[in-house]
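Please read the structure below before turning to the comments.
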Number of protein chains: 2
Amino acid sequence: MSATSRPATPGPARRTGGRSAAVLAAVRSAVEDLVSERGIAQVTIPMVAERAGVNPTSIYRRWGDAASMINDLATYRIAPDRPLPDTGDLRADLTGWAQELVEHFRQPAAAALLRGGAAAAGDGDSDCLRNRRAEATMLLDRAGSGLPVDEVIDHVIAPVVYRVLFRPWTLDDDLAARLVDRLFAGR
Amino acid sequence: MSATSRPATPGPARRTGGRSAAVLAAVRSAVEDLVSERGIAQVTIPMVAERAGVNPTSIYRRWGDAASMINDLATYRIAPDRPLPDTGDLRADLTGWAQELVEHFRQPAAAALLRGGAAAAGDGDSDCLRNRRAEATMLLDRAGSGLPVDEVIDHVIAPVVYRVLFRPWTLDDDLAARLVDRLFAGR
DNA sequence: GACTTAAAGCAAATATTTCTGCGTTAGAGT
DNA sequence: ACTCTAACGCAGAAATATTTGCTTTAAGTC
């Protein structure tokens, strides 16, 4: 057979829209609710299925187990293609971006998902914060600053994440600005 | 009846030594092994019981569920009364203490337990890092430095914890020193 | 050393989760 | 519109986890 008529996508066709998408949305919403109501440990697949109005089997087949499901949903919860702050000033951009981060994780559902992500992380490819690091890298690259990404990770992302996980009530309004100030003060 | 003969401890007697302690030790060891072998999500109580050579019922009755058990064990894993560095120099003490922290969490079992702790945290009273914060407070207080604990939390503990959870392979030998240097550089 | 009882063990009953085979629905490509 | 098939739903079976009532062990106290 000639290869010319093959579509761009190799593998088997995916069903990305319609019913599959509806199931995904229902499951996502159910997981967010349940996980913030009861904590990750108490969330089971049959429970999510019932809340989502979906058959448990569908969840088992798509994700296999609760940990993978939660990690997957935690990873993609902030759209990776949303517009990033772009004022021309690196410091202002970082502050705005960090502020978004804090605000995002002030939602109980987002915090709970992060806890789930943390529980499932460590094995390299399950890391629900990788998109966040990619964003930081982008901001720094665009500004052509010599600031290493690791500095932003250690002194902005890490403190926010720590607080989200262990002391969520300390996520105050000026945390983002404080951390970014400290980042620039140190050099 | 007269109150004079009552022992100092009010409530019911506790069985702290002997068999109870043996069960606790066996369970702790089993949890550490299993949790670093397979990850928190895959660790069940019957599994721990078998590995520990203990009856599942004993675990159910003592902790109720896997999350509580893991969180409890994660909290007390570094002895809270071990001697802290005391060279007379705050910076050296903090560096030594941070180094201990990094080394501790380089053990896969300790990292895995921290993941479990993170998953169960957020509700205020389950916080497996509270002893670590207390230690930092002690170091600062003893030195009479004006450095707020939050600075140590944000710029030393948080980066270490972030790396333990999400990027364990970046826990290099000079991380502790780098973070403490940065802490003092900024002021 | 005898007494009291907290904590552990055991076994059977119950509840819940996970898997499997098969029929149905509906997206994607022609 | 028609075809192909990925993904879903359903129902029953199998595997696991959790609870419960009772017995046994041994820590703490006198």
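We name chains A, B, ... by the order of the sequence lines, and we start the count at 1 in each one. Worth knowing before you read on, the calculation uses all heavy atoms, side chains too, and leaves out hydrogens, waters and symmetry mates.
- Between C:dG9 and B:S58, a contact under 4.0 Å exists linking OP1 or OP2 to a side-chain N or O.
- Judged by distance alone, with hydrogens and angles left aside, the side-chain atoms of B:R38 form no donor-acceptor pair with the main-chain N or O of B:V43 at under 3.5 Å.
- The interatomic distance linking B:E50 (CD) with C:dC10 (P) rounds to 13 Å, in whole Å.
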Name the pairs: protein N/O against N/O of nucleotides 17-19 of chain C, kept only if under 3.5 Å.
residue : atom : partner : partner atom : Å
C:dT17  : OP1  : A:T44   : OG1          : 3.0
C:dT18  : OP2  : A:Y60   : OH           : 2.4
C:dT18  : O5'  : A:Y60   : OH           : 3.1

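- One can place CG of A:N55 at 12 Å from C1' of D:dA7, the figure rounded to the nearest angstrom.
- Under 4.0 Å is where a charged nitrogen must lie from a carboxylate oxygen, and between B:D173 and B:R106 at least one such pair does.
- When atom types are taken as modelled, the side chain of A:T95 and the backbone of A:R91 share a donor-acceptor pair closer than 3.5 angstrom.
- For C:dG9, its base never sits under 3.5 Å from the side chain of B:R62 at any donor and acceptor pair.
- Nucleotide D:dT18 holds its C1' atom 11 Å from the CG atom of B:D65, rounded to whole Å.
- To the nearest 0.5 Å, the span separating CG on B:N131 from CD on B:E135 amounts to 6.5 Å.
- The main-chain N or O of B:L183 is found under 3.5 Å from a side-chain atom of A:R182 such that the two form a donor-acceptor pair.
- Atom CG in A:L24 sits about 17 Å away from atom C1' in C:dA26, given to the nearest Å.
- No hydrogens or angles considered: a donor-acceptor pair under 3.5 Å links the side chains of A:S68 and A:D65.
- Computed from coordinates, the A:I59 CD1 to D:dC10 C1' distance equals 15 Å when rounded to whole Å.
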